> 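One structure follows; several queries about it will come next.
Since the model is a prediction, treat every value here as computed from it, not as a measurement.
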Amino acid sequence: MTPVVLPDVPLQNVTLMPDCVQDAGSWCATLYRWTSNDFLAQHADTLVSRTVAITVIVVIAVLFRWLAHRAIARMVDGATNGRFTALVGRARRLRPGGGAVAPAADPGTQRRAQRARTIGSVLRSIVSAVVLLVAVMMVMNELGYPLGPLLAGAGVIGLAIGFGAQNLVRDFLSGMFMLLEDQYGVGDVVDVGEAVGTVEAVGLRITTIRDIKGTVWYVRNGEILRVGNMSQGYAVAVVDLPIAHHADVEEATELAGSTATERASQDDIAGDVLEAPEVLGVDKIGPEGVTLRITVRVSPGRQWAVQRALNGAITDAFDDHGIPRPMVYPGAAFDGQAQKQN
């Protein structure tokens, strides 16, 4: 430290100043002229260089995050509104009966849009977390903090958190793969083991299902070992028709087939039927009687409505033509016959 007098500093303010103040135009001299602080002047070059470096790091991190989010948003828009998706959606909007479905009402379009938005949200969160972590580490390095012990401590803490939150991580990973593989979507009727019903929401951790009784089930994605989707592509309405052992099987089969074909052509279910009913014949012979089976390929989720309609029509036809049914309670029938004889 040597006494130096700057040209624009009054003589009464002459003090011992850092040697770097003698370098005209340096940050040391400039900062000392502004603040008259020895400590700031001595570390001026370090403070300015680090401030500039930290500012550059923050600006680059913010810019990279903005560009990444913009690219992800364009990818999501392309996945939902692209030309290829529009062509696929247009092809799927035609009903089997020839009618058209409005684009907004197309469940496939809504499903693809929801899946794209969910994946886009996950990608944006991942990009933000990675950019923030890298920026913080670079800033700490500029400030002189040793990153080795910090990374080692963070690794130990992360390992402990990983063991404690392994179920949460498994749920998130399972949710990601379910979305990417399009195993099911909102509006699908699924069987996930414990719950069977309509999917109301699909998240990264939880899938919400409402069963036929109105109960809402919250199922963790990591606990779903298998999924039965009853709404993908097409569904099959299965109609089982029990008749008595002494009934004319050939007559019952022909009557069931003609009645099913006639009922499937009516307006209330014709739009849901993709193929003509197929009479498989005798499916089972048991102590109580013989079971005939008819199958119909229908639109996804409409198998139960078609099945109820065919059951009702064929039951009435069997009654009208006197096709005997199995005797489930033979004792009751015997008592009735005894009363008639008396």
Side-chain angles (χ1 to χ4, degrees), residues 18 20 23 25-82 112-181 201-206 220-222:
C20 61
D23 299 333
S26 65
W27 284 109
C28 177
T30 303
L31 201 59
Y32 188 83
R33 185 180 301 111
W34 290 348
T35 63
S36 300
N37 187 292
D38 294 345
F39 178 81
L40 293 178
Q42 288 178 345
H43 299 84
D45 293 334
T46 302
L47 290 174
V48 171
S49 61
R50 288 182 177 175
T51 302
V52 172
I54 292 174
T55 303
V56 171
I57 291 173
V58 172
V59 170
I60 292 177
V62 172
L63 181 61
F64 181 82
R65 178 181 177 274
W66 179 79
L67 291 175
H69 281 204
R70 182 179 176 85
I72 294 172
R74 295 188 64 178
M75 290 174 57
V76 172
D77 292 339
T80 55
N81 302 321
R112 287 190 298 273
Q114 184 209 26
R115 185 170 53 139
R117 286 194 296 268
T118 303
I119 296 177
S121 176
V122 174
L123 292 178
R124 284 192 294 269
S125 299
I126 293 176
V127 168
S128 297
V130 171
V131 170
L132 177 62
L133 179 62
V134 173
V136 169
M137 294 179 61
M138 294 180 66
V139 169
M140 294 182 65
N141 185 49
E142 289 294 330
L143 295 177
Y145 290 98
L147 296 180
L150 180 64
L151 292 177
V156 173
I157 295 175
L159 187 62
I161 295 176
F163 276 112
Q166 54 183 335
N167 289 333
L168 182 63
V169 175
R170 184 174 63 179
D171 293 341
F172 273 94
L173 292 177
S174 299
M176 278 292 298
F177 281 109
M178 286 178 182
L179 289 171
L180 291 174
E181 296 170 359
V202 179
L204 288 177
R205 194 178 70 89
I206 293 292
R220 287 172 43 197
N221 294 331

> For Ser174 versus Asn221, what's the shortest heavy-atom pair and its separation?
CB-O, 3.5 Å
> Can you tell me how far apart CZ (Phe172) and CZ (Arg220) are? Round to the nearest 0.5 Å.
11.5 Å
> Check step by step if side-chain contact (heavy atoms from CB on, under 4.5 Å) holds for Val202 and Met178.
CA-CA 9 Å; Val202 179; Met178 286 178 182; 5.8 Å; no
> With rounding to the nearest 0.5 angstrom, report the CZ to CD1 distance, Arg124 to Ile72.
6.5 Å
> For Gly222 and Arg170, work out which heavy atoms get closest and say how close.
O-NE, 3.8 Å
